[in-house]
Peer 1: 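Okay, here's the structure, questions in a sec.
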Amino acid sequence: MAYSPQDFTSQTTDDTADNEFDTDVLVVGMGPMGATAALALATYGVRVTMITQWSWLANTPRAHITNQRAVEVLRDLGLEEEAVKYAVPWDQMGDALFTTSLAGPEIARIQTWGTGDDRVGDYIKGSPCPMLDIPQTFMEPLLVKNAAERGAKAVFSTRYLGHEDTGDGVTVRLLNRVSNQEYTVRAKFLVGADGAKSQIADEIGLHIEGQVARAGTAYIRFNADLSRFVEHRPSILHWIMNPAADFGEIGMGLLRCVRPWNEWIAGWGFNIEAGEPDLSEETILQQIRTLVGDPTLEPEIVSVSTWFVNQQFAHTMSKGRVFCGGDATHRHPPSSGLGSNTCMQDAHNLAWKLAYVVKGHAGTELLESYSEERVPVGEQIVKRANQSRADYAPFRECWQTADSSGEKSVATGLERLNAPTPEGEELRAHLEKALDLKNYEFNAHGTELNQRYASGAVVLEETEERWNRDPQLYLQATTRPGAKIPHAWLVGKDGKRVSTLDITGKGRFTLITGLSGIAWESATAQLALPFLDTVLVGRPGYEDPYKYWARKREIAEAGALLVRPDGVVAWRHTEAVRDAETARRLLKGAIETVLSVTL
């Protein structure tokens, strides 16, 4: 089920839409959430306009970890192969170092993002997609370019001023910042992807819980060839345990590789109660040299900035015909690498629902499921990201650099940690436990892929799911309604492997059954819904020679799974059905429930 160029040429239009509405959906913001929403809507044939007040897109790398679920979104939208071209490959994301400096003695390493010997199999089994490192300066242009190619209108240098929700549409006031002229746009729906200081979220009165600016970090972008320190032990994150950067909750400096091995970010905490930190050229140069461990280094300073740690999430993400997502509804530090991933998934969840309402396939009640499904995810990732910062405390406890006079030095810390004494032995055991705890940040496969939706767009089962392993660390693949469809390799007509994720999604519902599920095929033919496909696993194009799907499906061969356009299982019938009329009745009831329609 691959996309072809003609899939993007049919924008939804009718006489009423043309006369009354300038666009079906107006998206404010072109970050990961806004651009993904516009991309998906354009892909689904919906008229969409996206605006930004800026003249271009992200000018700093900001978000970069792109987890498997986000890459699955890109795959569903036909962009995975193109995205890989801009990414630091999975195998180079590798070993996170805890070291005294890049040139100095190491303290510990952890294999991250599923690259470790004991975890890589979990990641490979869990998804057809790799982890990637794609800085936001590459991700946003990728999304916006493809959205525009598929029919989305991209309007730059345009500021959002306000809106009026009239019940049957939204009138939005905009300012052209080039001509300084105000104008209005009439849309069926408004999407607020306008960031952590969202004006739209404020206007519709979203209840945002949490704390802002609870800690501060200095971020310095610089260029320098550091390949001699890292090329033999590739990683994108290097934690520097050094008295020069031991302030704050994390208590370490950071060297983040933006592009191997010449573009970097140096980061360290500062005391926000003392005001602005000293970021003079002399201080910055000294700090970078200390973190790298090269007193002769001459880095090219690209930019100097500070950012503040937030811990906020919204209790609802919409009101009327206005929907918010991304940083407008969940604000947190970059720890755990969940930010842009969650933004893109917000968009993927919302876009198909808007498309189905716009096209008349679903009732407007379907849109209520957006908040029901995504609010718990936003709360989860905000708490996880902030907890990941707190989880550095055990490292500070085992890295004691102060001597009897109170002077701090790397030499003192190393001497204590490496001492052949009971104290040294205890510190090393403490270090091992501290390292294990960081798996909840760097190898949290379950946090990234175990989302479970409970809403009106899912026909839930009465029995509760039982978790076999830690749900934060390990993916538990299941076909239970509310979970994403498990990945399993099938074989296509050309003899090549095709994932179950590839035969679902693409803006359509898919009913999956087996060779003996011909009653379900008859049922879908009778319903004749334009958005519903049927897949009989075992037929040419969907063969299961490995029996991977047979082991994962959790239903009888003649049972059925109804998979939503975002890859989430909406409903399943676990028992075999042989009668076409029974299958039609069951399927019709499920679709009516999920889409809030009467067929």
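Only a predicted model underlies this, so the values are computations on that prediction, with no experimental measurement involved.
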Peer 1: Where the side chain of Thr524 meets the backbone of Glu521, is there a donor-acceptor pair that is under 3.5 Å apart?
Peer 2: yes

Peer 1: So, the side chain of Gln312 versus the backbone of Ile208: is there a donor-acceptor pair under 3.5 Å, distance only?
Peer 2: no

Peer 1: Between Leu595 and Glu365, is there a side-chain heavy-atom distance shorter than 4.5 Å?
Peer 2: no

Peer 1: Hey, is the main chain of Ser127 close enough, under 3.5 Å, to the side chain of Glu72 for a donor-acceptor pair?
Peer 2: no

Peer 1: What are the two closest heavy atoms between Thr479 and Glu554, and how far apart are they?
Peer 2: N-OE1, 2.8 Å

Peer 1: Quick one: does Pro61's side chain get under 4.5 Å of Arg256's, heavy atoms only?
Peer 2: yes

Peer 1: Decide, yes or no, whether a salt bridge links Asp95 with Arg109 under the criterion of side-chain N to carboxylate O below 4.0 Å.
Peer 2: yes

Peer 1: Between Trp352 and Phe509, what is the ring plane arrangement, given parallel below 30°, perpendicular above 60°, and tilted in between?
Peer 2: perpendicular

Peer 1: So which atom in Asn67 and which in Gln345 form the shortest heavy-atom distance, rounded to 0.1 Å?
Peer 2: OD1-NE2, 4.1 Å

Peer 1: Using the side-chain contact (heavy atoms from CB on, under 4.5 Å) criterion, which residues pair with Arg551? Sequence neighbours excluded.
Peer 2: Lys547, Tyr548

Peer 1: With sequence neighbours left out, which residue pairs that include part of residues 115-135 fulfil the ring-ring contact (aromatic ring centres under 6.0 Å, His included) condition?
Peer 2: Tyr123-His445

Peer 1: Any donor-acceptor pair under 3.5 Å linking the side chain of Lys493 with the backbone of Tyr542?
Peer 2: no

Peer 1: Is Ser499 reaching over with its side chain to a backbone N or O of Leu501, donor-acceptor style, under 3.5 angstrom?
Peer 2: yes

Peer 1: How far apart are the closest heavy atoms of Ala38 and Ala147, and which atoms are they?
Peer 2: C-CB, 4.1 Å

Peer 1: For the residue pair Asp76 / His348, report whether a side-chain donor-acceptor contact shorter than 3.5 Å exists.
Peer 2: yes

Peer 1: Are Pro394 and Lys433 close enough that some pair of their side-chain heavy atoms sits under 4.5 Å apart?
Peer 2: no

Peer 1: Under 3.5 Å, side chain of Ser371 to main-chain N/O of Glu368, donor-acceptor pair present?
Peer 2: no

Peer 1: For Val569, is there any backbone N or O sitting under 3.5 Å from a side-chain donor or acceptor partner on Arg572?
Peer 2: no

Peer 1: To the nearest 0.5 angstrom, please state how far the OG1 atom of Thr66 sits from the CH2 atom of Trp90.
Peer 2: 13.5 Å

Peer 1: Working to the nearest 0.5 angstrom, can you tell me the gap between Tyr370 OH and Asn349 CG?
Peer 2: 7.0 Å

Peer 1: Do NZ/NE/NH1/NH2 and the carboxylate oxygens of Glu373 and Lys353 come within less than 4.0 Å?
Peer 2: yes

Peer 1: In terms of side-chain geometry, is the basic nitrogen of Glu379 or Arg374 positioned less than 4.0 Å from the acidic oxygen of its partner?
Peer 2: no

Peer 1: Should Gln472 and Asn450 count as side-chain neighbours, where that means a heavy-atom distance under 4.5 Å?
Peer 2: no

Peer 1: Measuring from Met344:CE to Thr36:OG1, what's the distance to the nearest 0.5 Å?
Peer 2: 4.5 Å

Peer 1: Take the angle between the ring planes of Tyr356 and His361 and call it parallel below 30°, perpendicular above 60°, tilted in between.
Peer 2: perpendicular

Peer 1: Would a distance-only check, ignoring hydrogens and angles, find a side-chain to backbone donor-acceptor pair under 3.5 Å from Asp346 to Gly326?
Peer 2: yes

Peer 1: Is it true that, when you exclude Lys145 itself, more than 12 heavy atoms of the residues, nucleotides or ligands shown sit nearer than 6.0 Å to its NZ?
Peer 2: yes

Peer 1: Would Glu441 and Arg389 pass as an ion pair if we require N to O under 4.0 Å?
Peer 2: no

Peer 1: With a cut-off of under 6.0 Å to the ring centre and 45° to the axis, is Arg321 in cation-pi contact with Phe189?
Peer 2: yes

Peer 1: Quick one, Arg584 with Ser522, criterion side chain to side chain contact (heavy atoms under 4.5 Å, CB included). Give me CA distance, side-chain angles, the key distance, then yes/no.
Peer 2: CA-CA 8 Å; Arg584 187 197 69 81; Ser522 297; over 6 Å; no

Peer 1: For a quick check under 3.5 Å, do Arg69 and Gln451 share a side-chain donor-acceptor pair by atom type?
Peer 2: no

Peer 1: Consider only side-chain N and O atoms of Arg150 and Thr43, and report whether a donor and an acceptor are under 3.5 Å apart.
Peer 2: yes

Peer 1: Could you walk me through whether Thr447 and Gln380 pass the side-chain hydrogen bond (donor to acceptor under 3.5 Å, both in side chains) check?
Peer 2: CA-CA 9 Å; Thr447 297; Gln380 175 202 22; 4.6 Å; no

Peer 1: Please determine if Lys438 forms a cation-pi arrangement with Tyr392, meaning its NZ or CZ atom is less than 6.0 Å from the six-membered ring centre and no more than 45° off the ring axis.
Peer 2: yes

Peer 1: Between atom CG of Leu350 and atom CG of Leu367, what is the distance when rounded to the nearest 0.5 Å?
Peer 2: 7.5 Å

Peer 1: Please find the pair of heavy atoms, one from Leu460 and one from Ala454, that lie closest to each other, and give the distance.
Peer 2: CD1-CB, 3.7 Å

Peer 1: Please say which of Asn386, Asn341, Thr342 ends up in a side-chain contact (heavy atoms from CB on, under 4.5 Å) with Ile381.
Peer 2: Thr342

Peer 1: Can you tell me which residue among Asp24, Leu39, Leu41 is in a side-chain contact (heavy atoms from CB on, under 4.5 Å) with Val48?
Peer 2: Leu41

Peer 1: For Leu586, does the CG atom have more than 12 heavy-atom neighbours from other residues, nucleotides or ligands under 6.0 Å away?
Peer 2: yes

Peer 1: For residues Leu206 and Cys324, determine if any side-chain heavy atom of one lies less than 4.5 Å from a side-chain heavy atom of the other.
Peer 2: yes

Peer 1: Which pairs with one or both residues in residues 446-480 pass ring-ring contact (aromatic ring centres under 6.0 Å, His included), sequence neighbours excluded?
Peer 2: none

Peer 1: Please determine whether side chain to side chain contact (heavy atoms under 4.5 Å, CB included) holds for the pair Val537 and Ile512, giving the CA-CA distance in whole Å, both sets of side-chain angles, and the decisive distance to 0.1 Å.
Peer 2: CA-CA 7 Å; Val537 175; Ile512 299 180; 3.8 Å; yes

Peer 1: Run the side chain to side chain contact (heavy atoms under 4.5 Å, CB included) check on Arg564 and Thr510 step by step: do they pass?
Peer 2: CA-CA 7 Å; Arg564 306 187 328 190; Thr510 308; over 6 Å; no

Peer 1: Taking all non-hydrogen atoms of both residues, which atom of Val577 and which atom of Ala519 are closest, and how far apart?
Peer 2: O-CB, 3.7 Å

Peer 1: With a 3.5 Å distance limit and no angle check, can you tell me whether Trp549 reaches the backbone of Gly538 through a side-chain donor-acceptor pair?
Peer 2: no

Peer 1: Should we say atom NZ of Lys319 is surrounded by more than 12 heavy atoms from elsewhere, each under 6.0 Å from it?
Peer 2: no

Peer 1: Could you tell me whether the side chain of Asp122 reaches within less than 4.5 Å of the side chain of Leu475, counting heavy atoms only?
Peer 2: no

Peer 1: Run the salt-bridge test on Arg553 and Asp544 with the 4.0 Å N-O cut-off and return the result as yes or no.
Peer 2: no

Peer 1: When rounded to the nearest 0.5 angstrom, what is the spacing between NZ in Lys85 and CG in Leu142?
Peer 2: 10.0 Å

Peer 1: Is there a side-chain contact between Thr115 and Val120 in this structure, where contact means two heavy atoms from C-beta onward sitting under 4.5 Å apart?
Peer 2: no

Peer 1: Between CD of Gln136 and NE2 of His64, what distance do you get to the nearest 0.5 Å?
Peer 2: 10.5 Å

Peer 1: Can you list the steps and then say if Leu532 with Ile591 is a side chain to side chain contact (heavy atoms under 4.5 Å, CB included)?
Peer 2: CA-CA 10 Å; Leu532 178 62; Ile591 292 174; 3.9 Å; yes

Peer 1: Would the distance check show the side chain of Asn443 and the main-chain N or O of Gly114 forming a donor-acceptor pair, the cut-off being under 3.5 Å?
Peer 2: yes

Peer 1: Report yes if some heavy atom in the side chain of Pro135 is under 4.5 Å from a heavy atom in the side chain of Arg259; otherwise report no.
Peer 2: yes

Peer 1: Please find the pair of heavy atoms, one from Leu536 and one from Thr534, that lie closest to each other, and give the distance.
Peer 2: CD1-CG2, 3.7 Å

